[in-house]
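Here is the structure we will look at.
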Amino acid sequence: MQYRKLGSSDIKLSVLGLGCNNFGQRADIETTRRVVHHAIDVGINHFDTADVYGGEGKSEDFLGQVLGPKRKNIILATKFGLPFDAAGTMKGGSRKYVMSAVEASLKRLRTDTIDLYYHHKPDPTVPVEETLRALDDLVKQGKVRVIANSNYDGAQIVDADATSKKLGIARFVAAQDELSLIKRGTERDRFPAMQKCGLSFIPYFPLASGLLTGKYRRNAPPPQGTRLAGKNRLSDVFWNEQNLNLVYQIGDFCDRRKLNMLDVAFAWLLAKPIVASVIAGAVKTEQIDANVKACEFKLDAADAAELDKITSGALASQPH
């Protein structure tokens with residue numbers, strides 16, 4: 001396993017991170033235990049969750065239950081800010097909410113410190129200064145090591161960094177957003193801001209909810225049991241003619257080169273110096289092993305350039 005430095009911090013993340021959004025939903029407690037322990041055994045130290053994953057804290061709770069003494073071996077990332085309760089009243093970036101959200105996450109995760117704490121989504125009703133001052137206090141209190149943003153656009157990233165510098169408080173060290181071969185809008189709109197501010201980038205949905213695993217082929221229905229086989233939120237986002245055409249073109253490229261699409265999807269992301277770690281979910285240990293193997297593959301410059309050309313239309317996409 002390779003490790004990369006996270007922004008301006010002293011943290012090093014495994015290039016493959018484990019996305020924990022399945023815990024509490026598709027993965028019960030025993031599945032969570034098996035997947036988490038296996039991930040640690042193969043060298044993954046980056047575990048990414050959020051207070052809303054699994055529904056009202058279940059992912060954090062499951063993760064806290066199964067980590068035990070292994071907590072010291074990992075970099076634990078979680079997030080706050082999206083609506084936590086059914087009424088949608090527990091959310092946002094106000095100081096009051098930040099302080100209550102972190103305490104709830106620490107309790108569920110059964111830990112004293114969150115290594116990487118994300119503001120999950122900008123809150124237009126609260127000045128970014130208020131959110132950043134609250135996060136800075138958490139860093140000073142030792143409850144959070146470093147802070148990051150998720151789903152901020154380029155202007156918001158630059159504004160937050162300028163605010164932290166002006167006030168002399170903790171700065172975001174990373175940004176998390178969607179990026180894959182079929183959803184490339186982040187490169188166009190947000191990479192320049194991240195580079196200007198010295199942030200590392202952590203992409204989510206690197207496989208476009210499974211479209212880039214190689215399971216979806218031309219003139220064939222989605223395989224039974226896959227996430228996109230049924231009608232759901234992710235299928236509504238990813239399962240469309242434009243995305244499928246791109247996947248088929250990438251598949252044709254892989255067939256010509258005798259390459260594995262999963263390997264290519266990870267290698268394309270990790271070839272970008274700004275990327276610190278790629279988050280991928282798993283509910284089976286075999287999925288983790290396949291992802292670890294994929295992260296060892298390297299694309300040569302010519303193949304990377306051709307992939308960029310094939311998928312250039314995806315630069316017009318927007319993260320969802």
Nearest-0.5 Å distance that lies between atom OG1 in Thr311 and atom CG in Leu246 | 6.5 Å
Are the ring centres of Phe201 and Phe191 closer than 6.0 Å?
-> yes
Is there a donor-acceptor contact under 3.5 Å from the side chain of Asp136 to the main chain of Ala170?
-> yes
Going from CG on Leu179 to CD1 on Ile274, what distance comes out if it is rounded to the nearest 0.5 angstrom?
-> 10.0 Å
For Ala160 and Leu132, which heavy atoms make the closest approach, and how far apart are they?
-> O-CD1, 3.5 Å
Hey, are Asn291 and Gln287 close enough side-chain-wise for a donor-acceptor pair under 3.5 Å?
-> no
Shared ILVMFWY cluster between Phe47 and Val144, side chains joined below 4.5 angstrom?
-> yes
Excluding sequence neighbours, so at least two apart, what forms ring-ring contact (aromatic ring centres under 6.0 Å, His included) with Tyr97?
-> none
How many angstroms lie between CG in Leu269 and CD1 in Ile279, if you round to the nearest 0.5 Å?
-> 11.0 Å
Ring centers of His119, Tyr152 separated by less than 6.0 Å | yes
Starting at CG of Asp153, measure out to CG of Asp189 and round the result to the nearest 0.5 Å.
-> 8.0 Å
When you measure from the side chain of Ser317 to the backbone N and O of Arg184, does any donor-acceptor pair fall under 3.5 Å?
-> yes
Can you name the one residue among Leu76, Leu13, Leu16, Asp115 that meets side chain to side chain contact (heavy atoms under 4.5 Å, CB included) with His46?
-> Leu13
Hey, quick one: are Ile74 and Val36 part of the same hydrophobic cluster, counting side-chain heavy atoms closer than 4.5 Å, chains of contacts allowed?
-> yes
Would you indicate whether Lys284, at its atom NZ, is surrounded by more than 12 heavy atoms from other residues, nucleotides or ligands within a distance under 6.0 Å?
-> no
Any chance the side chains of Trp268 and Asp308 put a donor and an acceptor closer than 3.5 Å?
-> yes
Side-chain donor or acceptor of Asn22 paired with backbone N/O of Val283 under 3.5 Å | no
Keeping the roles fixed (side chain from Arg110, backbone from Asp61), state whether a donor-acceptor pair exists under 3.5 Å.
-> yes
On a heavy-atom basis, the closest approach of Pro83 and Gly88 is CB-CA, 4.1 Å
Distance (rounded to the nearest 0.5 Å) between Gln2 CD and Ser14 OG = 10.5 Å
Using the test ring-ring contact (aromatic ring centres under 6.0 Å, His included), find all partners of Tyr117 that sit at least two apart in sequence or belong to another chain.
-> Phe80
Would you please name every residue forming a side chain to side chain donor-acceptor pair (under 3.5 Å) with Thr213, sequence neighbours left out?
-> none
Heavy-atom closest contact (Val173 atom, Ser8 atom, distance) = CG1-OG, 3.8 Å
Under 4.5 Å between side-chain heavy atoms, hopping through other hydrophobics if needed: is there a path connecting Leu207 to Met261?
-> yes
Do Gln156 and Asn149 meet the criterion of a side-chain donor-acceptor pair at a distance under 3.5 Å?
-> no
Output yes when a side-chain donor or acceptor of His120 lies under 3.5 Å from a complementary backbone atom of Thr78, and no otherwise.
-> no
For Lys5, what residues pass the salt bridge (charged side-chain N to carboxylate O under 4.0 Å, His left out) criterion, not counting sequence neighbours?
-> none
Just by modelled atom types, is the Gly154 backbone N or O under 3.5 Å from a matching donor or acceptor in the Arg190 side chain?
-> no
If you measure from CG on Leu244 to CG on Leu211, what distance do you get to the nearest 0.5 Å?
-> 6.0 Å
Quick one: closest heavy-atom pair of Ser9 and Val146, and the distance?
-> CB-CG1, 3.8 Å
Co-membership, hydrophobic cluster, residues Leu116 and Ile114, 4.5 Å side-chain = no
Non-neighbouring partners of Phe266 that pass ring-ring contact (aromatic ring centres under 6.0 Å, His included), sequence neighbours left out = none
May I ask you to decide if Gly57's main-chain N or O and Glu60's side chain share a donor-acceptor pair within less than 3.5 Å?
-> no
Would you say Lys72's side chain and Pro69's backbone share a donor-acceptor pair under 3.5 angstrom?
-> yes
More than 12 heavy atoms of other groups within 6.0 Å of Gln25 CD = yes
So with a 6.0 Å cut-off around CG of Asp112, is the heavy-atom count from everything else above 12?
-> no
Counting only N and O atoms by type, is there a donor-acceptor contact under 3.5 Å from the side chain of Asp161 to the main-chain atoms of Lys165?
-> no
All side chain to side chain donor-acceptor pair (under 3.5 Å) counterparts of Lys143, not counting sequence neighbours | Glu103
Minimal non-hydrogen separation, Leu63 against Cys20, with atom names | CD2-SG, 4.0 Å
Test item: Asp123 side-chain N/O and Gly93 main-chain N/O as donor-acceptor pair under 3.5 Å | yes
Does Lys70 NZ have over 12 foreign heavy atoms under 6.0 Å away?
-> yes
